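Working notes, beginning with the structure itself.
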Amino acid sequence: MRHTAVAASGLVVMWSSGFVGARLGTAHAAADTLLAWRYVVVAVLVGLIAVVRRPRLTAFEARRQALLGLLCQALYLAGVVTGVGLGVPAGIAALIAVMQPLVVGALSGPVLGVAVRPRQWAGLVTGLAAVAVVVAGDLDGGGHVLGYLLVVGGMLALSAGTLLERRWALPTSPWDQLTVHCLTSCGVFVAAAAVTGRLAPPMTPGFWWAVVWVVVLSTFGGYGCYLLTLRALGATGVSTLLFLTPPTTMVWALLMFGEPVAWTTVAGLAGCAAAVWLVLARPGKVRWIRSSRHDSSTRHGEAGSPSRPSAKV
């Protein structure tokens, strides 16, 4: 039980670190520069491990995982990190990104043929309204519209990738999946930064500190805690914990960058909490799921319980 609590706490903190890392890095370089060098380091590390492990993937499986990596990591991170670089507060970016499980839960019906309860649709509408209140409050204060559109676009790309992954149900192991996704994202970000002439990194300690931050805490720390928590609490438990990342990110951003927390943001958090209850709570008694192997949301494909990491930066 103690180890489960540590893993769960680590998941919330490490997942939140990605949004903070985006704020740290884009203060020194463009988003594509930060992402390119983040994934160069990650690709080298996972590539070396892959040489030792020698993963066995069919060409068909590798192509599909590459597409999932493009959606779930490359396009998602490009939208979120660029949006933060354009001035979207880290906490609000986390709030928008964490809408992904609600979107997936609602779209699982028409896309996957999974029954979606009316309360889950109500949860999605409630969550969207809550995020709209937060975004509108920040835009009134001079927020950047394009930045918000990019964050929303990144969240939708992750949602599309999650739905595709569920539909395909590929037998790829989590580590092999991470390897393909990271190598694909590395190629995309390096190419994008090279085309725009921003591949050369700034030789400043702040930039490289941000790279170390997102590689160690966000990529390996976040994914490692995700896997540990998934084994202990199952997909439903992980999904619920991820909704704690926006307030955690807001506390980090307040302490590190002095980002204020407006009343509209507090109202949005309350609305999202209500949305989570509507989408993830089961009829009758709500209980934690102790093992991902026996998680009935995974076994029956219940909407609102994503089987892969969501809202990660």
Side-chain angles (χ1 to χ4, degrees), residues 15 19 71-72 75-76 79-80 83 88-89 91-140 143 145 147-167 235-250 261-284 286 296-297 300-312:
W15 220 264
F19 300 96
L71 290 168
C72 296
L75 293 181
Y76 167 67
V80 172
V88 177
I92 298 180
L95 186 62
I96 296 172
V98 85
M99 288 297 296
Q100 180 263 347
L102 303 185
V103 173
V104 170
L107 295 181
S108 292
V111 175
L112 303 178
V114 177
V116 180
R117 300 190 302 270
R119 65 183 293 166
Q120 290 179 303
W121 283 109
L124 177 62
V125 172
T126 302
L128 290 175
V131 170
V133 168
V134 176
V135 172
D138 190 63
L139 289 177
D140 287 343
V145 176
Y148 282 102
L149 291 175
L150 287 170
V151 176
V152 171
M155 182 271 292
L156 293 176
L158 178 59
S159 300
T162 302
L163 288 168
L164 268 182
E165 182 182 54
R166 288 185 177 182
R167 188 177 184 88
T236 303
V238 168
S239 296
T240 306
L241 284 170
L242 290 178
F243 282 96
L244 297 176
T245 57
T248 304
T249 303
M250 289 174 189
V261 180
W263 71 267
T264 52
T265 304
V266 176
L269 288 172
C272 282
V276 173
W277 179 78
L278 287 169
V279 173
L280 297 182
R282 300 179 184 180
V286 179
S296 60
S297 64
H300 299 302
E302 181 180 340
S305 302
S307 58
R308 63 159 282 108
S310 59
K312 181 177 181 181

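Keep in mind it's a predicted model, so treat the numbers as computed, not measured.
Across every non-hydrogen atom of Ser159 and Gln100, the tightest pair is OG-CG, 3.3 Å. Contact between Val88 and Gly147 at its shortest, heavy atoms only, is CG2-C, 3.5 Å. Smallest separation of non-hydrogen atoms from Ala97 and Tyr76: CB-OH, 3.6 Å. Leu244 and Thr248 make their closest contact through O-OG1, 2.8 Å (heavy atoms, listed as atom of the first residue, atom of the second, distance). Contact detail for Pro246 and Val98: the closest heavy-atom pair is CG-CG1, 3.8 Å.
Separating the OG1 atom in Thr162 from the CZ atom in Arg167 is a distance of 14.5 Å, to the nearest 0.5 Å. Atom CG of Leu150 is separated from atom CG of Leu75 by 11.5 Å, given to the nearest 0.5 angstrom.
Here the options are Leu163, Leu156, Leu158, Leu164, the test is side-chain contact (heavy atoms from CB on, under 4.5 Å), and the partner is Leu71; only Leu164 passes.
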- Message: Apply side-chain contact (heavy atoms from CB on, under 4.5 Å) to residues Val80 and Phe19 and explain how you reach the verdict.
- Response: CA-CA 8 Å; Val80 172; Phe19 300 96; 4.0 Å; yes
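With sequence neighbours excluded, the residues that form a side-chain contact (heavy atoms from CB on, under 4.5 Å) with Ile96 are Ile92, Val131, Val135, Tyr148, Val151, Val152.
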